[in-house]
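All chains are named by letter (A, B, ...) in the order of the sequence lines, taking the proteins before the strands, and each is independently numbered beginning at 1. Atom set for the values below is all heavy atoms of this structure, side chains included, hydrogens, waters and symmetry mates excluded.
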Protein chains: 2
Amino acid sequence: MSPRAAHPHPPDVRQHLLDAALRAFAAHGYEGATIKLIAAEAKVAPGLLYHYFANKEALLTALFERSGALVAEAFITVAGIADPRERLAELLRVSARIVRENEDFWRISYGVRFQGAVLAGLGAGIAAQSAAFHATFVLLLTELGRPDPVTEAWLLFASLDGLFQHYILAPDTYPLDAVVELLITRAGGGAAAETP
Amino acid sequence: MSPRAAHPHPPDVRQHLLDAALRAFAAHGYEGATIKLIAAEAKVAPGLLYHYFANKEALLTALFERSGALVAEAFITVAGIADPRERLAELLRVSARIVRENEDFWRISYGVRFQGAVLAGLGAGIAAQSAAFHATFVLLLTELGRPDPVTEAWLLFASLDGLFQHYILAPDTYPLDAVVELLITRAGGGAAAETP
DNA sequence: CTATTGATTGAACGTTCAATCAATGTCACC
DNA sequence: GGTGACATTGATTGAACGTTCAATCAATAG
């Protein structure tokens, strides 16, 4: 039927180009990664990118969509845990795992966050994802019977986000797991380890 | 003595140009703020910027130096407080005040943080400031007799940083003071407000 | 074998930007 | 009131960017 591709290039070219863009954006930032550079990273001519994507920003948007799906999936899985205390703990652990396993993407995401005005389409998406995170935390903390779940959710979200950013800035040395576990104790436990 | 200026333009032109650059960078990002735009913001011809600064990046560096001095000064003041619990509380409150009062600068700072590779000179400075923050927290938490001051310092620093970023992203609606006070309770109190 | 298709190339285009520089304006001092 | 030194201008430069497009290529269909 359709005279499908059968060229010297990889099987799914679109994904291949996205992977190259991911690496280039992560290494040089969105503005710093030129189309030529992305094309070189993919071992492809610059023009080809415009066969699969409308423009440079569409590359970025596609990356965010791919990752958004990943996060949503993880959230649904965790939502099945009955005990709220354990659900909270797992939510934080799973988030950390996603960040660790998609380091390049999160580097881009954090790098692009404060240029919302520049990248109009993205600002809304990021804000929505943030709101979802906060709302989830509010529900969870309410379920745990916390006195001020809204403020606590702000703090929890900020802590987690700051944590991930610090990890992304120094992935080789940052004690991600230890800090996440401490955050879980603080947020879910209620007793902040006054200890012996 | 010094052949001071005496021209139609403002008294200290350098500071005036820096202020204009601050506003332009904050509004459009580092890459997005063109030399023309900064010059227009300062009501000055583009060429003049190169009389006071070597290039565009030097503008950014100067802004970081100006702010670094501000932070250092605040740290020294707070260091005089005897009671470590109160010192910690004041440190967080003062930091929040600095961020709130220099919103534009911190927007730039956070926006530029993940482009370390691009802006070579800055990466080191930011890293040093981060290290100083963490070290201060470690000392403080040690003084407070905490069991694992290093990990707790990482968490405290990440929480504070994440908090400030979330505030910068929504300064009009974010409950900065409430969350800071909650963080103080968590970090300094030891008891995480199990409450009535 | 020939026609048709869609993927792919890479040179070229128009625009934009940081940076330069010759020209002009303004003061300080004599 | 003339002179030298510096502040300031804004047109200009050259490089780099995202994007376009005519040409090429490999593969299938008839």
Between the protein and nucleotides 17-20 of chain C, which nitrogen or oxygen pairs are less than 3.5 angstrom apart?
from	atom 1	to	atom 2	distance (Å)
dA18(C)	OP1	Lys56(B)	NZ	2.6
dA18(C)	OP2	Ile35(B)	N	2.7
dA19(C)	OP2	Tyr50(B)	OH	2.9
dA19(C)	OP2	Lys56(B)	N	3.0

Subject >> side chain to side chain contact (heavy atoms under 4.5 Å, CB included) against Glu65(A), all qualifying residues, sequence neighbours excluded >> reply: Thr61(A)
Original post:
In chain order, what residues pass the side chain to side chain contact (heavy atoms under 4.5 Å, CB included) check against Leu92(A), with sequence neighbours excluded?
Top reply: Leu88(A), Phe137(A), Leu156(A), Leu160(A), Val180(A), Leu183(A), Ile184(A)
Subject >> ring-ring contact (aromatic ring centres under 6.0 Å, His included) partners for Tyr50(B), two or more places apart >> reply: none
**OP:** Report yes or no: is the cationic atom of Lys56(A) (NZ for Lys, CZ for Arg) closer than 6.0 Å to the six-membered ring centre of Tyr30(A), at no more than 45° off its axis?
**Re:** yes
What is the distance, to the nearest angstrom, from the [atom1] atom on [X] to the [atom2] atom on [N]?
X        : N       : atom1 : atom2 : value
Phe53(A) : dT8(C)  : CZ    : C1'   : 15 Å
Tyr52(A) : dT8(C)  : OH    : C1'   : 8 Å
Leu59(A) : dG18(D) : CG    : C1'   : 12 Å
Leu48(B) : dG25(C) : CG    : C1'   : 13 Å
Asp12(A) : dA7(C)  : CG    : P     : 12 Å
Ile38(A) : dT19(D) : CD1   : P     : 10 Å

Subject >> Partner set under salt bridge (Lys or Arg N to Asp or Glu O under 4.0 Å) for Asp148(A), not counting sequence neighbours >> reply: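 Checked Asp148(A) against salt bridge (Lys or Arg N to Asp or Glu O under 4.0 Å); zero matches.
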**OP:** Give a yes/no on whether any side-chain N or O of His51(A) is located under 4.0 angstrom from OP1 or OP2 of dT8(C).
**Re:** no
Original post:
Can you list every pair that meets ring pair (Phe, Tyr, Trp, His ring centres under 6.0 Å) and has a residue in residues 75-97 of chain B, with sequence neighbours left out?
Top reply: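 Checked against ring pair (Phe, Tyr, Trp, His ring centres under 6.0 Å) - neighbours excluded - the pairs reaching residues 75-97 of chain B are Phe75(B)-Phe133(B).
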